[in-house]
Amino acid sequence: MNALAATSRNFKQAAKLLGLDSKLEKSLLIPFREIKVECTIPKDDGTLVSFVGFRVQHDNARGPMKGGIRYHHEVGVQAKLSYSSLLIILNGILQVDPDEVNALAQLMTWKTAVANIPYGGAKGGIGCTPGKLSKSELERLTRVFTQKIHDLIGIHTDVPAPDMGTNSQTMAWILDEYSKFHGYSPAVVTGKPVGNTISCFKLCKLINSKDLGGSLGREAATGRGVLFATEVLLEEHGKKLEDQRFVIQGFGNVGSWAAQLISEAGGQVIAVSDVTGAIKNNKGLNIKELLKHSSENHGIRGFTGGEPIDPGSLLIEDCDVLIPAALGGVINRENANDIKAKFIVEAANHPTDPEADEILSKKGVVILPDIYANSGGVTVSYFEWVQNIQGFMWDEEKVNAELRTYIIRAFNNMKEMCKTYNCDLRMGAFTLGVNRVARATVLRGWEA
């Protein structure tokens, strides 16, 4: 089952529990707007190249739409042109996968509602391979894309953020290009740069510089949210984090921060994996040393503080808490029966297929769903947006304290829905999110 089918299935189950009528149910599923644009730029060698840029804006009943912009080769295919063939119409550009994009945009609608932050959902990006483009080419591509969509995004309309293949520098370029049309607008994007130490012409150093309105705590936010969510889940079941053994699939931004923060909190991380391989140490991995090794060697392969294992077996390692923090669909009916973890915390989007959900539920495995567990990133993005609008920046302690408050409050709200509708945590999260969006839709008179 693909991401859109799984998301729609969960939505329909929630809508049935909530007793939504068919017209309202349909209006909540249909995206508000889908945008596709052609972005043609000169490359450094003088040739022209064209890419497809897109944005799906799912829902804005509760506030501006919010979601990442990703640069990835699977989104589309580039086509080269020489200057002499500038007027040739491109026929070889692949269409984006509407199911994947719509699913991610829809998930953001429910996720922001579960977190109770005033946003709707969106998703977008450009079909390209960022590693094959120079920094100047990426900048030109980002600026052309922004020129094409600047009237369709905005502080109170749609607020993009980094995603796969993009980063804080990408957001800085979008901010600058957007500001050429609308005036200086730092709140138009989140995930902007924050410099720990910046040298200015070798004359001065600025500590924790927030020159473009980036928020402290944003880089670690999703991983920190995973920590807070795991703590409150374990507490609900009478367990302490420091008594648990963790396995984490994925050692990118989310997985590495989750591993670091869980380790610092006393949890024992016994196995991790990334694209280069997987390692295990039953006595606990030294996460500080592993982070250093991964940074220096572009991956965890070769780390001497653990023994290499088959990445395919990582999910079925004996542990207390399994945290999938990489790809979607990794827990499925083929491996669900073999999973030994008592708790699964979904740090990735849609890591568990519905069939696996049913198998794990029968085994008594508790799953903390993605639309709650990985909401730390968008929550701190909201904090960044608020700081930009107010023109008043917070220190990191305040950011982290507010994040903990939002995560705990959302868990308690989710549990109340579980009790009301006698459902599991996933359906508790979906009924919570869908109910909030449906209520806003009805109150605004949009249900017809």
field: Geometric class of the His58/Trp110 ring pair [parallel <30°, tilted 30-60°, perpendicular >60°]
entry: perpendicular
message: Please give me the minimum heavy-atom distance between Ile248 and Ala258, naming the atom from each residue.
response: CD1-C, 4.3 Å
field: Closest heavy-atom pair and its distance - Tyr372, Ile407
entry: OH-O, 2.9 Å
field: Thr7 versus Gln106, side-chain donor and acceptor atoms under 3.5 Å
entry: no
message: Taking atom NE2 as the centre, does His237 end up with more than 12 heavy-atom neighbours from other residues, nucleotides or ligands that are less than 6.0 angstrom away?
response: yes
message: Applying salt bridge (charged side-chain N to carboxylate O under 4.0 Å, His left out), can you list everything that pairs with Lys398, at least two apart in sequence or on another chain?
response: Glu402
query: Any side-chain heavy atom of Asn297 within less than 4.5 Å of one from Phe303?
result: no
task: Take Thr142 and Tyr71 through the test side chain to side chain donor-acceptor pair (under 3.5 Å) and record every step on the way to the result.
output: CA-CA 10 Å; Thr142 301; Tyr71 289 179; 2.7 Å; yes
field: Heavy-atom pair of closest approach, residues Ile300 and Gly277
entry: CD1-O, 3.4 Å
- request: Using a strict 4.0 Å threshold on nitrogen-to-oxygen distance, state whether Asp353 and Arg9 make a salt bridge.
  value: no
message: Restricting to side-chain hydrogen bond (donor to acceptor under 3.5 Å, both in side chains), what partner residues turn up for Asn60, sequence neighbours left out?
response: none
- request: For the pair Gln57 (side chain) and Glu34 (backbone), establish whether a donor and an acceptor sit closer than 3.5 Å, ignoring hydrogens and angles.
  value: no
- prompt: Would Arg404 and Glu231 pass as an ion pair if we require N to O under 4.0 Å?
  reply: yes
message: Using the salt bridge (charged side-chain N to carboxylate O under 4.0 Å, His left out) criterion, which residues pair with Asp357? Sequence neighbours excluded.
response: Arg426
- prompt: Only one of Lys66, Arg33, Arg55 forms a salt bridge (Lys or Arg N to Asp or Glu O under 4.0 Å) with Asp158, so which one is it?
  reply: Arg55
message: For Thr109 versus Gly121, what's the shortest heavy-atom pair and its separation?
response: OG1-N, 3.0 Å
message: Evaluate Ile344 against Val365 for side-chain contact (heavy atoms from CB on, under 4.5 Å), listing each step before the verdict.
response: CA-CA 7 Å; Ile344 296 176; Val365 178; 3.9 Å; yes
task: Return each pair, listed once, that meets side chain to side chain donor-acceptor pair (under 3.5 Å) where at least one residue sits in residues 299-315; pairs must be two or more places apart or across chains.
output: none
message: Would you say Asp44 and Ser136 are linked by a side-chain donor-acceptor pair, where the criterion is simply a distance under 3.5 Å?
response: yes
query: Can a donor-acceptor pair be found between the side chains of Arg224 and Asn400 at a distance below 3.5 Å?
result: yes
task: Could you go through the salt bridge (charged side-chain N to carboxylate O under 4.0 Å, His left out) check for Asp163 and Lys123 one step at a time?
output: CA-CA 9 Å; Asp163 201 308; Lys123 203 72 173 183; 2.4 Å; yes
- prompt: What is the minimum heavy-atom distance between Val56 and Pro31, and which atoms define it?
  reply: CG1-CB, 4.1 Å
message: Quick check on Lys180: does its NZ atom have over 12 non-hydrogen neighbours (other residues, nucleotides or ligands) under 6.0 Å away?
response: yes
Backbone N/O of Lys192 and side chain of Glu384: donor-acceptor pair under 3.5 Å: yes
task: Output, in order, the C-alpha distance, side-chain angles, deciding distance and verdict of side chain to side chain donor-acceptor pair (under 3.5 Å) for Gln147 and Glu177.
output: CA-CA 7 Å; Gln147 291 166 13; Glu177 196 64 29; 3.0 Å; yes
Separation of Ile367 CD1 from Leu360 CG (nearest 0.5 Å): 4.5 Å
task: Decide whether Thr112 and Arg62 meet the rule of one side-chain donor and one side-chain acceptor closer than 3.5 Å.
output: no
- prompt: Using 30° and 60° as the class limits, which term best fits the ring planes of Trp385 and Tyr382: parallel, tilted or perpendicular?
  reply: tilted
Donor on one side chain, acceptor on other, Glu38 and Ser50, under 3.5 Å: yes
statement: Taken in chain and number order and not counting sequence neighbours, the residues that satisfy salt bridge (charged side-chain N to carboxylate O under 4.0 Å, His left out) with Asp176 are Arg143
- request: Evaluate the criterion side chain to side chain donor-acceptor pair (under 3.5 Å) for residue pair Arg218 and Ser381; output intermediate values, then yes/no.
  value: CA-CA 7 Å; Arg218 176 62 185 87; Ser381 280; 3.0 Å; yes
query: Do other residues, nucleotides or ligands put more than 12 heavy atoms under 6.0 Å from Glu235 CD?
result: no
Test log, rule side chain to side chain donor-acceptor pair (under 3.5 Å), inputs Ser273 and Gln249: CA-CA 5 Å; Ser273 69; Gln249 185 201 41; 5.0 Å; no
- request: Identify, with sequence neighbours excluded, every residue that meets side-chain hydrogen bond (donor to acceptor under 3.5 Å, both in side chains) alongside Asp243.
  value: none
task: Would you check, one step at a time, whether the test side-chain contact (heavy atoms from CB on, under 4.5 Å) holds for Ile262 with Val269?
output: CA-CA 8 Å; Ile262 287 169; Val269 181; 4.2 Å; yes
- prompt: Asn281 side chain to Ile270 main-chain N or O, any donor-acceptor pair under 3.5 Å?
  reply: no
message: Minimum heavy-atom separation for Leu403 and Phe383, please, with both atom names.
response: N-CE1, 3.6 Å
query: Does the side chain of Asn349 come under 3.5 Å of the side chain of Asn374 through a donor N or O and an acceptor N or O?
result: yes
